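Read through the structure below, which is laid out as structure tokens, and then see the notes.
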Amino acid sequence: FTRWANTYMRIHATTKDIGDIYTDLKDGVKLIALIESLSGKPFPMKYNKKPKMDAQRQDNLKMVFKFLKDSKMPLVNIGAEDITKENHRIILALFWAFIQFYSVNSITLDGVSGKEGLLLWAQKKVAEGSNGKVEVKNFHQSWQSGMAFCALINACAAAAAAAARLASPAIGRRRPG
């Protein structure tokens, strides 16, 4: 999650990367920078850029969660206190919500977007990787046996191997001697 966030944070050149997602977000400043990077828009509320007191940090975090709620980002049982108390499980859930809201929803395939677009992509790749023997119907039961995951890996590995062969014609040839 940290690596994913930092990919977007680098777009927002005024802020350093997130080193530890459990401790670096406590004042709200890097969280706001991440939201700005993900949304491509400046944060709409005035916040304290260098909070020194707990009350200032809490105010920043409360603004973050108000903004997310107003943006219609689905958040269940996640609040400013969870970030301050370094609740690992809730912070990871927050990052998963970011990924779903900002990344998954931006996927578009054959005119279908969001989760449905991702499901369509997964269905095509799994069918390709299993020669049509494994079927994906959803993101829950279809993955429980592990067969869909193996087929997806097989499809992606085949594409990567093909790309590697194109990039380096010497791969697969035996050296003389």
Side-chain angles (χ1 to χ4, degrees), residues 1-109 113-122 125-126 136 138-144 146 148-150 152-153 155-157 159-160:
F1 290 116
T2 306
R3 200 173 302 150
W4 174 84
N6 285 334
T7 300
Y8 285 95
M9 293 287 282
R10 289 185 185 112
I11 296 167
H12 194 266
T14 61
T15 307
K16 293 181 181 178
D17 284 352
I18 296 172
D20 182 332
I21 61 172
Y22 305 119
T23 58
D24 287 359
L25 307 177
K26 289 169 94 170
D27 64 5
V29 175
K30 287 189 179 182
L31 202 49
I32 289 169
L34 177 61
I35 290 168
E36 289 177 331
S37 295
L38 291 169
S39 69
K41 301 173 188 169
F43 195 70
M45 297 172 226
K46 188 172 172 79
Y47 65 97
N48 192 318
K49 291 179 171 66
K50 294 183 181 180
K52 293 187 180 4
M53 297 185 297
D54 286 340
Q56 293 170 324
R57 293 182 192 101
Q58 280 296 309
D59 286 345
N60 280 355
L61 289 169
K62 286 177 183 175
M63 281 187 258
V64 164
F65 285 99
K66 181 182 180 342
F67 171 80
L68 296 175
K69 183 180 177 187
D70 292 347
S71 299
K72 309 277 191 264
M73 184 171 156
L75 295 173
V76 180
N77 296 328
I78 301 174
E81 307 80 38
D82 297 308
I83 305 299
T84 331
K85 292 180 181 176
E86 298 179 27
N87 185 328
H88 291 203
R89 190 172 182 181
I90 298 294
I91 291 170
L92 293 176
L94 174 64
F95 272 76
W96 181 242
F98 280 142
I99 290 169
Q100 286 185 306
F101 191 72
Y102 287 106
S103 291
V104 173
N105 288 342
S106 68
I107 295 170
T108 302
L109 184 67
S113 64
K115 194 172 181 180
E116 293 80 23
L118 184 60
L119 181 60
L120 181 60
W121 174 84
K125 285 294 180 185
V126 167
V136 171
N138 56 43
F139 283 117
H140 181 65
Q141 292 175 335
S142 296
W143 299 88
Q144 288 181 340
F149 184 70
C150 289
L152 181 62
I153 297 292
C156 293

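This structure is a prediction, so every number in the text was calculated from the model and none was measured. Along the sequence shown, the residues carry numbers beginning at 1.
- Residues Ile18 and Leu31 are not in side-chain contact: their nearest non-hydrogen atoms beyond the backbone lie 4.5 Å or more apart.
- In the displayed structure, Phe149 atom CZ is contacted under 6.0 Å by at most 12 heavy atoms of other residues, nucleotides or ligands.
- Side-chain contact check for Asn48 versus Asp59: every heavy-atom pair is 4.5 Å or farther apart.
- Side-chain contact between Thr2 and Tyr22 is absent, with no heavy atoms from C-beta onward closer than 4.5 Å.
- Of all heavy-atom pairs spanning Ala148 and Ser142, the tightest one is CB-O, 3.4 Å.
- Leu68 places a side-chain heavy atom less than 4.5 Å from the side chain of Phe65.
- Remark: Glu86 CD to His88 NE2 distance equals 5.5 Å, nearest 0.5 Å.
- Under the 4.5 Å side-chain criterion, counting only non-hydrogen atoms from C-beta, Phe98 is in contact with Met73.
- A perpendicular orientation is assigned to the rings of Phe95 and Trp4, their planes being inclined by more than 60° (bins at 30° and 60°).
- Scanning all heavy atoms of the two residues, the minimum distance from Asn77 to Asp82 falls at O-OD2, 3.6 Å.
- When side chains are defined from C-beta on, Ile91 counts as touching Ile83, because their heavy atoms get closer than 4.5 Å.
- Under the 4.5 Å side-chain criterion, counting only non-hydrogen atoms from C-beta, Ile99 is in contact with Phe1.
- Here the side chains of Lys69 and Leu75 are not in contact, with every heavy-atom distance at 4.5 Å or above.
- Salt-bridge annotation for Arg57 and Asp54: present, with a side-chain N of the basic residue lying under 4.0 Å from a carboxylate O of the acidic one.
- In this structure, the side chain of Asp17 does not engage the main chain of Gly19 through any donor-acceptor pair within 3.5 Å.
- For Trp96, the ring-ring contact (aromatic ring centres under 6.0 Å, His included) criterion is met by no residue, not counting sequence neighbours.
- Under the 3.5 Å distance criterion, the side-chain polar atoms of Asn60 are left unmatched by any main-chain donor or acceptor of Val29.
- Closest heavy-atom contact between Gln58 and Ala80: OE1-CB, 3.8 Å.
- The backbone N or O of Pro51 sits nowhere less than 3.5 Å from a side-chain atom of Asp27 that would complete a donor-acceptor pair.
- Below 30°, between 30° and 60°, or above 60°: for Tyr47 and Phe43 the angle between ring planes is above 60°, a perpendicular geometry.
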